[in-house]
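First up is the structure itself, then whatever we jot down about it.
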There are 2 protein chains.
Amino acid sequence: MLTIGGLGKKTGTKVQTIRYYEQIGLMPEPDRTEGGQRRYSLAALDRLSFIRHARQLGFSLDAIRELLDLGDHPDRPCEEADQIARRQLKQVEQRLQRLEALRQELKRMVHECSGGRTADCRVLEVLRDHSECLTDHNEIGA
Amino acid sequence: MLTIGGLGKKTGTKVQTIRYYEQIGLMPEPDRTEGGQRRYSLAALDRLSFIRHARQLGFSLDAIRELLDLGDHPDRPCEEADQIARRQLKQVEQRLQRLEALRQELKRMVHECSGGRTADCRVLEVLRDHSECLTDHNEIGA
DNA sequence: GTACATCCTCTAGCAGCTAGAGGTTCAAGT
DNA sequence: ACTTGAACCTCTAGCTGCTAGAGGATGTAC
């Protein structure tokens, strides 16, 4: 039986975050000691590891919820899980494209700055005038 | 003199967002009609364009605030602006690296899924067991 | 028996918006 | 001059995914 702190250490999760996952129903309510402290089973450790790993791969908490549900029904076809992953992959690829365009733009900005007065700063100039951009970067590249 | 809606259209910004920028002091308080509606000058249009463009390039509102300050002092050296841009470039490059690693992992996951039952789903399996990963993806790739 | 690390709940905050309620103003058409 | 209706106003609350802090209780080791 793990304390919440122990579980946090094993999974690289802050204590508050674990409680937050419980609050939003992503982690089940664990057993408690007589004094009211949480004690976690190995199943909880597995589940949290899954969640954290999926987070690291950029899945949203909603997507993770779906994936966890699917994992609980081993006999259902796995198409859904596959689709969620494909969707995620697509998103990642789109973000990559946008970020790459941003990188180009920023690089150009920085390289053209020769270090004079701000009045002549290419960085500020480019920001002032979108038409100088080589790429369309219409969405935030985050 | 532009209405807030007109300004929004010209810059691709939602009306609420413009008011939000005003609230946090990124946009100055504009003139008002007798009835209390906002009316914007061309200077305001320039400023908002600058802000939106910088946002598209991924700068934080704080960074933008700094950049705007620098733009208001044309005689100061532009090193600072350059540094802000370099910092941003670095961040973008780091994100690109992480996202690329995630893409690999997701691609592998998806390709290995042969479409059976969830019990045998590679997607779920990989998520369950981090040790199957080829890459370290310790931070969220967002 | 006492120290003190860890736990508890609760509330509020972060970025950067976005949406809605409930009401007012402006400009165009008649 | 009057009416319509789109666009404006303020205010509050919500989104994601946590994170931090207050103020107090518990558990464990010595």
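FYI, side chains are in, hydrogens and waters are out, and symmetry mates aren't considered; it's all heavy atoms of this structure. Throughout, protein chains are lettered first and strands after them, A, B, ... in sequence-line order, and every chain is numbered starting at 1.
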Next on the checklist: Please confirm whether the shortest side-chain N or O distance from Ser60(B) to OP1 or OP2 of dA15(C) is below 4.0 Å.
Outcome noted: no

Checklist entry - Can you check the Leu61(A) CG to dC18(D) C1' distance for me, whole Å? => result 9 Å

Item to check | Carboxylate-amine/guanidinium contact Arg128(A) Glu125(A), below 4.0 Å | outcome: no

Checklist entry - Going by an N to O cut-off under 4.0 Å, is there a salt bridge joining Arg108(B) and Glu105(B)? => result yes

Next on the checklist: Is it true that, when you exclude Glu112(B) itself, more than 12 heavy atoms of the residues, nucleotides or ligands shown sit nearer than 6.0 Å to its CD?
Outcome noted: yes

Checklist entry - Can you tell me if Arg47(B) and Tyr40(B) form a side-chain donor-acceptor pair at under 3.5 Å? => result no

Checklist outcome for this item: Ile51(B) atom CD1 is separated from dA15(C) atom P, nearest whole Å, by 16 Å

Next on the checklist: Counting only side-chain nitrogens and oxygens, does Thr3(B) get under 4.0 Å of the OP1 or OP2 atom of dA7(D)?
Outcome noted: no

Checklist entry - Under 3.5 Å, is there a donor-acceptor pair linking the side chains of Gln104(A) and Glu100(A)? => result yes

Next on the checklist: Is there a side-chain contact between Tyr21(A) and Leu61(A) in this structure, where contact means two heavy atoms from C-beta onward sitting under 4.5 Å apart?
Outcome noted: yes

Item to check | Joint cluster assignment, Leu96(B) & Val110(A), ILVMFWY side-chain distance < 4.5 Å | outcome: no

Checklist entry - Rounded to the Å, how far apart are Ile4(B) CD1 and dA6(D) P? => result 19 Å

Checklist entry - Looking only at heavy atoms, what is the nearest atom pair of Ala85(B) and Leu106(A), with distance? => result O-CD2, 4.4 Å

Checklist entry - Is there a residue in residues 34-43 of chain B whose heavy atoms reach under 4.0 Å of DNA chain D, and which residues are they? => result Gly36(B), Gln37(B), Arg38(B)

Next on the checklist: Please report the distance, rounded to the nearest Å, between NZ in Lys14(A) and C1' in dG21(D).
Outcome noted: 13 Å

Checklist entry - Is Asp82(A) paired with Arg86(A) through a side-chain N to carboxylate O contact shorter than 4.0 Å? => result yes

Item to check | Heavy-atom donor-acceptor pair, Gln16(A) side-chain to dG21(D) base, under 3.5 Å | outcome: yes

Checklist entry - Residues from residues 17-31 of chain B sitting under 4.0 Å of DNA chain D, heavy atoms only? => result Arg19(B)

Checklist outcome for this item: When Ile51(A), Leu7(A), Ile4(A), Leu48(A) are each screened for side-chain contact (heavy atoms from CB on, under 4.5 Å) with Thr13(A), the one that passes is Leu48(A)

Checklist entry - Reckon Arg65(A) has a side-chain N or O less than 4.0 Å from the OP1 or OP2 of dG17(D)? => result no

Checklist entry - Taking CG from Asp62(A) and P from dC18(D), how many angstroms apart are they, rounded to a whole number? => result 12 Å

Next on the checklist: Are Gln37(A) and Thr3(A) packed together at the side-chain level, in the sense that at least one heavy-atom pair is separated by less than 4.5 angstrom?
Outcome noted: no

Item to check | Base-paired stems that DNA chain D participates in, counting runs of 3 or more Watson-Crick or G-U pairs under 3.5 Å | outcome: C:1-30 with D:1-30

Checklist outcome for this item: note: Gln56(B), atom CD; dC17(C), atom P; distance rounded to Å ~ 11 Å

Next on the checklist: Taking the nucleotide of DNA chain D with the nearest heavy atom to each, does Arg32(B) or Lys9(B) sit closer to the 5' end?
Outcome noted: Lys9(B)

Item to check | Whole-Å gap separating C1' (dG17(D)) and CZ (Phe59(A)) | outcome: 17 Å

Next on the checklist: Counting C-beta onward and ignoring hydrogens, is there a side-chain heavy-atom pair between Ile18(B) and Arg38(B) closer than 4.5 Å?
Outcome noted: no

